[in-house]
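Below, chain A is the first sequence line, B the second, and so on; all start at residue 1.
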Protein chains: 2
Amino acid sequence: MTLQGWEASLDRVLALTVVLGQDMAAQLERDGLNDSRAHIIWELGHRGASKQAALATALGVTPRAITSLVDALVSHGLVTREPHPSDRRATLVTLTDRGEEVAHSFRVGHQELARRLFGDVPAGQLKTFDAVLEHVLDRLGPAHT
Amino acid sequence: MTLQGWEASLDRVLALTVVLGQDMAAQLERDGLNDSRAHIIWELGHRGASKQAALATALGVTPRAITSLVDALVSHGLVTREPHPSDRRATLVTLTDRGEEVAHSFRVGHQELARRLFGDVPAGQLKTFDAVLEHVLDRLGPAHT
DNA sequence: TATTGTTATACTCTATAACTATA
DNA sequence: TATAGTTATAGAGTATAACAATA
């Protein structure tokens, strides 16, 4: 595949995630979530309790934005602010039981999509990123140019 | 492949789409575009000169939002407002030569897949994430379990 | 001095509602 | 009456900057 063809194919993969993301937003809304808030839940589910500064870096937003996002998550009962054990400047953002449930549902959905996309691939076959990409593009069907 | 292996593959693809999306946003910014403004250019590229009301319906936003979006596109030299030939209430939003160039670059790009995957789905039919996922997975072919 | 998180402020985007001109 | 597009207003989201507390 040419460089242009490769890049165009990546664009198509992105378009897929955009469309999926738009409809996922409606589902997130039921938990008082949007993309940014869900992203924080996702990060906490993987990193465990985190400082706001760490979340700011992870999401690529300013610390000020994290203040608002955590405020919203606290108000919806998904996280709490706990004192940091060794740094009195910082707070530890911690998932509540309900927050853990939501994080778990994210992981399940992620695993489900991964299984459906890659579930029949023999172990060790997709070694390079290009191979993974080719595989996904093949799954996009006969219209793949 | 293990569950972790599938997820690692998916994560790599998703990570790539994130990076690509950031790159695309930066590219759009050079033309004074964002997602909504680009969406209008894309619609005009396919519908031809259109009433603002038609664009509001196409984008799923209010007529007020279209006013602002078209203002921005006019200021960047991508569209003009022309009088509607038969309805003096309406204006025809029309691509300039430069707007046509941008629209053409879109046509060969990432939006092609979204059209190919969802172009024959009646508007509003895929309301839930599950419905969209099922539809996409059907299109993805034999791995669908 | 540097870092953590906050308050204050401003900007972008888009929704609702009221309005004018026209159909 | 209904429709096209505007102005007025409000809310969400996030950026920059100034600040206090702590490292």
Whole-Å gap separating [atom2] ([N]) and [atom1] ([X]):
X: B:His39; N: C:dT14; atom1: NE2; atom2: C1'; result: 15 Å
X: A:Leu59; N: C:dG5; atom1: CG; atom2: P; result: 14 Å
X: A:His84; N: C:dT3; atom1: NE2; atom2: C1'; result: 12 Å
X: B:Asp87; N: D:dA2; atom1: CG; atom2: P; result: 17 Å
X: B:Arg88; N: C:dA21; atom1: CZ; atom2: P; result: 12 Å
X: A:Leu73; N: D:dG13; atom1: CG; atom2: P; result: 11 Å
X: A:Leu92; N: D:dT22; atom1: CG; atom2: P; result: 16 Å
X: A:His76; N: D:dA12; atom1: NE2; atom2: P; result: 11 Å

Below 4.0 Å: OP1/OP2 of [N] and any side-chain N or O of [X]:
X: B:Arg37; N: C:dC13; result: yes
X: B:Lys51; N: D:dG5; result: no
X: A:Thr91; N: C:dT4; result: no
X: A:Arg81; N: C:dT6; result: yes
X: A:Thr67; N: C:dG5; result: no

Distance-only donor-acceptor test (3.5 Å): side chain A:Arg89, base C:dT3
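Pair found.
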Shortest side-chain distance from [X], nucleotide among [options]:
X: A:Arg64; options: D:dA2, D:dG5, C:dT7; answer: C:dT7
X: B:Ser68; options: C:dT4, C:dT14, D:dA4; answer: C:dT14
X: A:Val61; options: D:dA4, C:dC13, D:dA15; answer: D:dA15
X: B:Thr62; options: C:dT16, C:dT4, D:dA23; answer: C:dT16
X: A:Gln52; options: D:dT6, C:dA2, C:dG5; answer: C:dG5

Determine whether a donor-acceptor pair (N or O, by modelled atom type, separation under 3.5 Å) exists between the side chain of [X] and the backbone of [Y].
X: A:Arg98; Y: A:His76; result: yes
X: B:Thr96; Y: B:Leu78; result: yes
X: B:Ser50; Y: B:Leu55; result: no

Looking across every strand, which nucleic acid part, if any, lies under 4.0 Å from A:Leu69 by heavy atom: base, sugar-phosphate, or nothing?
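The answer is sugar-phosphate, as A:Leu69 gets under 4.0 Å only of primed atoms, P, OP1 or OP2.
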With the 4.5 Å side-chain cut-off for hydrophobic clustering, are B:Leu92 and B:Val70 part of the same group?
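Each belongs to a different hydrophobic cluster.
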side-chain hydrogen bond (donor to acceptor under 3.5 Å, both in side chains) partners for B:Arg47, two or more places apart
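Result, side-chain hydrogen bond (donor to acceptor under 3.5 Å, both in side chains) vs B:Arg47: B:Glu43.
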Least distance between heavy atoms, A:Thr67 atom then A:Gln52 atom:
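Taking A:Thr67 first and A:Gln52 second, the nearest heavy atoms are OG1-NE2, 3.8 Å.
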Please figure out whether A:Ser86 or A:Asn34 has its closest DNA chain D nucleotide nearer the 5' end.
A:Asn34
